[in-house]
Trainee: 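Can you keep this structure in mind? I'll have questions shortly.
Side chains included, hydrogens not; waters and symmetry mates left out as well; all remaining heavy atoms used. Naming: A, B, ... by sequence-line order, numbering from 1 per chain.
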Amino acid sequence: MRSSPSTPTACCGTIRCDKNHGLRCSCDGSVGSPGVHSWTMSSTPTKSSLSQASRGTIQRWSQTLIPTVRQAPSDAEMPSHIFMIRAGFIRQVGAGIYNYLPLAWRSLRKVSEIVREEMDAAGASELLMPAFQPMELYAETKRDVDYGDLLFTLEDRHGRKVALGPTHEEVITSLMCGALTSYKQFPLNLYQIQTKFRDEFRPRAGLLRGREFIMKDAYSFHLDLEGEAGLNATYDKMHQAYTNIFTRCGLDFSAVEAEAGPIGGSASHEFMVNCAAGEDTILVCPESGYAANVEKAEIGKRAWSFDVAPEGELVKHHTPNMPGIHMVAEHLGTTPSLMLKSIVLQTLEESPRWVVAVVRGDHEVNESKVRDAIGFAVQLAPEKEARAAGFVIGYVSPKTVDTIEMTMVVDPDALGSGSWATGADEMDHHVTGFNWSREMSNAIGNDKIKIADIRNAEAGDPSPRADGVFLEARKGIEVGHIFKLGTKYSEAIGLSVLNKDQKKQAIIMGCYGIGVSRTLAACIEMSHDDNGIIWPAAIAPFHVHIVVIKPKEPEVQAAVGALSDELAEHGIDVLIDDRAERPGPKFKDADLIGLPIRLTISPKTLEENGVEFKLRTDDAKGSMHPRDTVVQRCVEILSAVMDSGG
RNA sequence: CAGGGUGUAGCUCAGCUUGGUAGAGCGUCUGGUUUGGGACCAGAAGGUCGCAGGUUCAAGUCCUGUCUCCCUGACCA
């Protein structure tokens with residue numbers, strides 16, 4: 001079993017000390033003496049950490065904090081939020097701020113450990129940077145503006161402005177300015193697992209979007225894109241490491257192509273946990289395996305032509321006070337999919353130029369795709385300026401290309417009909433019967449219109465990677481994101497070294513994030529039933545849940561002690577429910593917490609020399625299993641699911 | 001940030017319209033009876049009604065302000 005590489009010493013089942021401190025419980029180590037643990041410095045050291053390295057943890061319910069509740073606070077709506085509170089994993093402190101109680105912390109540590117092992121194996125080194133970051137660092141990269149209110153800021157007693165780190169590109173880049181001195185040091189990949197702070201507009205859904213959350217972030221440094229030491233090689237390694245991490249965590253996930261977002265950079269992938277309740281939409285090609293998020297997804301080749309026969313005259317209609325395309329469509333007796341939407345954009349230049357993007361009424365313009373199509377970054381034009389230039393905002397039609405100096409880009413799907421409804425370039429008026437070849441002959445003849453994929457992809461669009469196959473939509477929760485940053489930060493902060501040719505060269509960077517606490521929540525969203533959580537073994541807080549019926553009976557205590565010891569010897573983490581509760585609540589709580597294996601011991605099972613065995617995934621009530629082989633059974637099952645990444 | 005909602009016991013909520021002794025269920029504690037899927041009986045503890053002003057003889061209830069938390073949107077690990 002690959003779990004628990006450094007489990008703390010357990011004596012009587014209570015874990016209170018780290019193995020290296022030489023602390024031992026002064027009780028006799030027998031299991032039948034609950035409540036008499038006292039901790040003292042021992043004159044004889046504990047067994048070496050080596051010999052105990054693979055021993056599992058034994059934890060008694062009565063000696064930890066697992067405040068399960070029957071009714072979750074009305075605040076909680078998402079299953080992960082509800083169950084984490086009901087099962088005693090977390091408690092809320094403020095909006096987007098939570099206590100991680102012992103069960104949650106154990107799971108978080110297990111995720112972190114998997115992350116560490118895979119990152120280390122991929123050649124990265126762990127470090128820890130401060131959460132406090134001087135604001136000046138952000139001024140250099142202008143992210144104080146880009147991040148804006150998302151940045152938690154505070155002022156110290158001297159009036160110095162400080163930010164609580166939402167990520168650490170600035171800090172690590174400036175660190176490297178003083179530490180990276182030679183081209184011989186590349187490549188370098190550094191990571192940390194740390195609490196991050198983002199003043200989210202709207203924190204929600206428990207750990208899914210907190211204002212304070214645990215994140216693994218890694219940053220790599222290179223002189224080249226290609227080659228063994230290049231960014232691309234490390235990026236691929238990280239892609240593989242992430243695949244390993246989420247597989248080992250037992251998650252059902254997809255790696256999808258993504259937009260780089262405000263962090264900047266050239267290429268990026270998101271790792272999404274697949275689940276219907278996810279807030280992100282991804283599009284997948286069932287044939288080729290292509291997957292991308294909505295912002296990024298390409299659309300396959302679509303046939304188009306300006307020459308579609310007109311169906312009637314161009315007619316002007318009075319359409320006052322109709323906000324939204326749906327109302328206009330209704331008034332004109334048509335549907336948004338038979339209308340043209342002309343969005344006025346401008347290039348992000350010192351003296352911006354006009355760009356008009358035309359899509360079908362039911363489609364959404366994608367600014368990144370417009371950028372790719374025309375070669376310049378664009379943004380939605382400020383309404384005032386657009387009006388001043390002659391655009392009748394709300395009633396813009398493609399005909400504006402004849403009267404205003406601009407670049408016009410049209411999506412192929414906006415050409416599929418011979419008769420469109422669109423704006424009349426006149427306040428409070430629309431037209432019907434708009435025909436491209438008839439109305440736009442001047443512009444078409446002068447080659448003033450560009451045709452390109454400029455809209456968000458949707459389910460049902462042709463796949464960009466397989467002919468005749470259509471994209472399907474899936475929902476997911478983003479748990480990881482990797483970026484090729486390029487030189488954005490190194491140039492802004494002035495990170496460079498002399499290369500072999502003694503020339504100053506900016507450093508190429510990559511960055512790689514995993515939402516550790518979000519992963520926990522996403523896992524529960526993905527894997528639960530009406531009764532509670534269903535943990536994958538690898539990140540369950542414990543592997544085995546022992547329900548003790550009549551825990552005061554000496555024979556029962558002895559049997560539980562022996563069984564849990566034996567399980568721990570095999571590296572299995574055990575939670576013993578030794579509360580003086582009736583069986584009902586114990587079984588309910590076991591389902592709620594959702595450990596992979598439940599073992600029940602009672603005077604009855606002892607009589608039969610057995611243990612009741614039940615997997616969390618079993619619907620039945622569990623069945624009797626011979627005592628002498630039950631440990632082996634647990635080992636086999638846990639090994640099997642953890643090796644297969646489940 | 002915009003729109004909507006909320007705040008009374010650890011949790012879920014009633015009480016507010018029409019001002020007059022602070023309520024219920026669950027949970028907790030004590031004693032007893034129970035003991036394989038959230039038991040039963042008897043008893044007990046627990047709330048400056050988010051906060052600050054105001055109106056009133058009297059405010060959980062009416063008025064003003066303020067804060068909190070939640071939901072819907074754009075952003076993101």
Trainee: Once you measure the plane-to-plane angle for F253(A) and F271(A), does it fall in the parallel (<30°), tilted (30-60°) or perpendicular (>60°) bin?
Mentor: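 F253(A) vs F271(A) ring planes: tilted.
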Trainee: In whole angstroms, how far is the P atom of U33(B) from the CZ atom of R582(A)?
Mentor: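 Interatomic distance, CZ of R582(A) to P of U33(B): 14 Å.
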Trainee: Could you please name the partner base of U17(B), counting Watson-Crick and G-U wobble pairs only when both distances are under 3.5 Å?
Mentor: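 By the stated definition (distances under 3.5 Å), nothing pairs with U17(B).
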Trainee: Please determine if R211(A) forms a cation-pi arrangement with F152(A), meaning its NZ or CZ atom is less than 6.0 Å from the six-membered ring centre and no more than 45° off the ring axis.
Mentor: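 No, cation not above the ring by the 6.0 Å, 45° rule.
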Trainee: How far does the C1' atom of C1(B) sit from the matching atom of U18(B), given to the nearest Å?
Mentor: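 Approximately 39 Å lies between the C1' atom of C1(B) and that of U18(B).
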Trainee: Describe the nucleic acid contact of G206(A) in one word from base, sugar-phosphate, nothing, applying a heavy-atom distance below 4.0 Å.
Mentor: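 Contact class for G206(A): none.
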Trainee: For nucleotides A39(B) and C76(B), find the distance between their P atoms and express it as a whole number of Å.
Mentor: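 My reading of the P atoms in A39(B) and C76(B) gives 49 Å.
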Trainee: Using purine N1 to pyrimidine N3 plus N6-O4 or O6-N4 for Watson-Crick, or N1-O2 and O6-N3 for G-U wobble, each under 3.5 Å, what pairs with C29(B)?
Mentor: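 Check on C29(B): paired to G43(B), both distances under 3.5 Å.
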Trainee: Rounded to whole angstroms, how far apart are CE on M84(A) and P on C11(B)?
Mentor: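 In whole Å, C11(B) P lies 20 Å from M84(A) CE.
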Trainee: Under 4.0 Å, counting only non-hydrogen atoms across every strand here, what does K196(A) touch: a base, just sugar-phosphate, or nothing?
Mentor: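 Here K196(A) touches no strand at all.
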Trainee: Any base atoms under 4.0 Å from D217(A), or only sugar-phosphate, or nothing? Heavy atoms, all strands.
Mentor: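 Touches nothing.
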Trainee: Among the nucleotides G37(B), A77(B), C76(B), which one has an atom lying closest to any side-chain atom of M215(A)?
Mentor: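 Nucleotide nearest to M215(A)'s side chain: A77(B).
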Trainee: Would you kindly check whether a donor in the side chain of R86(A) faces an acceptor in the base of C11(B), or vice versa, at under 3.5 angstrom?
Mentor: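 Checked by distance alone, the answer is no.
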Trainee: Can you tell me which nucleotide in A77(B), G37(B), G38(B) comes closest to the side chain of E200(A)?
Mentor: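 Of the candidates, A77(B) comes closest.
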Trainee: Could you check whether any side-chain N or O of E270(A) sits under 3.5 Å from a backbone N or O of V256(A), counting only pairs where one atom can act as donor and the other as acceptor?
Mentor: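 Answer holds: no.
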Trainee: Does the aromatic ring of F213(A) sit over the six-membered base ring of A77(B), closer than 5.5 Å centre to centre and tilted less than 30°?
Mentor: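 The ring of F213(A) is stacked on A77(B).
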Trainee: Starting at the 5' end of RNA chain B, which residue's closest nucleotide do you reach first, E279(A) or R579(A)?
Mentor: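 In this pair, the answer is R579(A).
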Trainee: Okay, side chain of S564(A), backbone of V560(A): is any donor-acceptor separation there less than 3.5 Å?
Mentor: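 Yes; judged by distance alone, with no hydrogens or angles, the pair exists.
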Trainee: Between E118(A) and K216(A), is there a salt bridge with N-O shorter than 4.0 Å?
Mentor: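 Salt bridge: no.
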Trainee: When the distance from CD1 of I549(A) to C1' of G38(B) is rounded to whole Å, what number comes out?
Mentor: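 Atom CD1 in I549(A) sits about 13 Å away from atom C1' in G38(B).
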Trainee: Considering every strand shown, what is the Watson-Crick or G-U wobble mate of A22(B) when both distances are under 3.5 Å?
Mentor: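 Matched A22(B) with nothing under the 3.5 Å cut-off.
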Trainee: If pairing requires Watson-Crick or G-U wobble contacts with both distances under 3.5 Å, which nucleotide is the partner of G53(B)?
Mentor: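 Here G53(B) is engaged in a pair, and the nucleotide opposite it is C63(B).
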Trainee: Judged by atom type as modelled, is there a donor-acceptor pair below 3.5 Å linking the side chain of T173(A) to the main-chain atoms of S490(A)?
Mentor: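 Not confirmed, T173(A) side chain does not pair with S490(A) backbone.
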Trainee: Using a 4.0 Å heavy-atom cut-off, does T519(A) contact any base of the nucleic acid, only the sugar-phosphate backbone, or nothing at all?
Mentor: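 Result for T519(A) = nothing.
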Trainee: Taking C13(B) as the reference, what is the distance to U72(B) when you measure between their C1' atoms (whole Å, please)?
Mentor: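 Approximately 25 Å lies between the C1' atom of U72(B) and that of C13(B).
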Trainee: Do E200(A) side-chain atoms and G210(A) backbone N/O form a donor-acceptor pair below 3.5 Å?
Mentor: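 No, because the side chain of E200(A) does not come within donor-acceptor range (under 3.5 Å) of the backbone of G210(A).
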Trainee: Looking at D529(A) and R616(A), is any side-chain nitrogen of the basic one under 4.0 Å from a carboxylate oxygen of the acidic one?
Mentor: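 Answer for the salt bridge query: yes.
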Trainee: Across the strands shown, which category fits N293(A) at heavy-atom distances under 4.0 angstrom: base, sugar-phosphate, nothing?
Mentor: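 No contact at all - N293(A) keeps every heavy atom at 4.0 Å or more from the nucleic acid.
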Trainee: Provide the distance between the two C1' atoms, one in G60(B) and one in A52(B), to the nearest whole Å.
Mentor: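 It works out to 16 Å between them.
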Trainee: Tell me the interatomic distance from L606(A), atom CG, to U35(B), atom C1', rounded to whole angstroms.
Mentor: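 L606(A) atom CG is separated from U35(B) atom C1' by 16 Å.
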Trainee: Mind checking G480(A) for me? I need base, sugar-phosphate or nothing, with any heavy atom below 4.0 Å counting as a touch.
Mentor: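 Sugar-phosphate contact only - G480(A) comes under 4.0 Å of backbone atoms but never of a base.
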Trainee: With a 4.0 Å limit, can you tell me whether R70(A) has a side-chain N or O closer than that to the phosphate oxygens OP1/OP2 of G27(B)?
Mentor: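 Answer is yes, contact under 4.0 Å.
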Trainee: Determine the Euclidean distance between corresponding C1' atoms of U17(B) and A77(B); express it in Å to zero decimal places.
Mentor: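 Those two atoms are separated by 48 Å.
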Trainee: What's the gap between C11(B) and U48(B) when it is taken at their P atoms, as a whole Å value?
Mentor: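 Comparing P positions in C11(B) and U48(B) gives a spacing of 14 Å.
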Trainee: Mind checking if V479(A) touches a base, just sugar-phosphate, or nothing, with heavy atoms under 4.0 Å?
Mentor: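 Touches sugar-phosphate only.
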Trainee: Hey, does T195(A) reach any base, or is it just sugar-phosphate, or nothing, if we go heavy atoms under 4.0 Å?
Mentor: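 If one applies the 4.0 Å heavy-atom cut-off, T195(A) turns out to touch nothing in the nucleic acid.
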Trainee: In whole angstrom, what separates D280(A)'s CG from C75(B)'s P?
Mentor: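 To the nearest whole Å, that distance equals 10 Å.
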Trainee: Which whole-number value in Å describes the distance from Q194(A) CD to A77(B) C1'?
Mentor: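 Result: 13 Å.
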Trainee: So do H239(A) and I482(A) actually touch side chain to side chain, heavy atoms under 4.5 Å?
Mentor: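 SC-SC contact between I482(A) and H239(A) confirmed.
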Trainee: Which part of the nucleic acid, if any, lies within reach of S602(A) when heavy atoms closer than 4.0 Å are counted: base, sugar-phosphate only, or nothing?
Mentor: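 Since a base atom lies under 4.0 Å of S602(A), the category is base.
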Trainee: Any ion pair linking D411(A) and K369(A) (charged N to carboxylate O, less than 4.0 Å)?
Mentor: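 Salt bridge absent between K369(A) and D411(A).
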Trainee: Base, backbone or nothing for each nucleotide of nucleotides 68-74 of chain B, written B, S, -, heavy atoms under 4.0 angstrom, 5' to 3'?
Mentor: -SSBBBB
Trainee: Expressed as a whole number of Å, how far does the P atom of A9(B) sit from that of G3(B)?
Mentor: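 Each nucleotide's P atom is 30 Å from the other's.
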Trainee: Closest nucleotide of RNA chain B for E478(A) versus for R598(A): which of these residues is on the 5' side?
Mentor: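 So the residue in question is R598(A).
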Trainee: Rounding to the closest angstrom, what is the interatomic distance between G50(B) and C40(B) at atom P?
Mentor: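 32 Å, rounded to whole Å.
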Trainee: Atom CD1 of I82(A) and atom C1' of C11(B): how far apart are they, to the nearest Å?
Mentor: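 Atom-to-atom, I82(A) to C11(B), this comes out as 14 Å.
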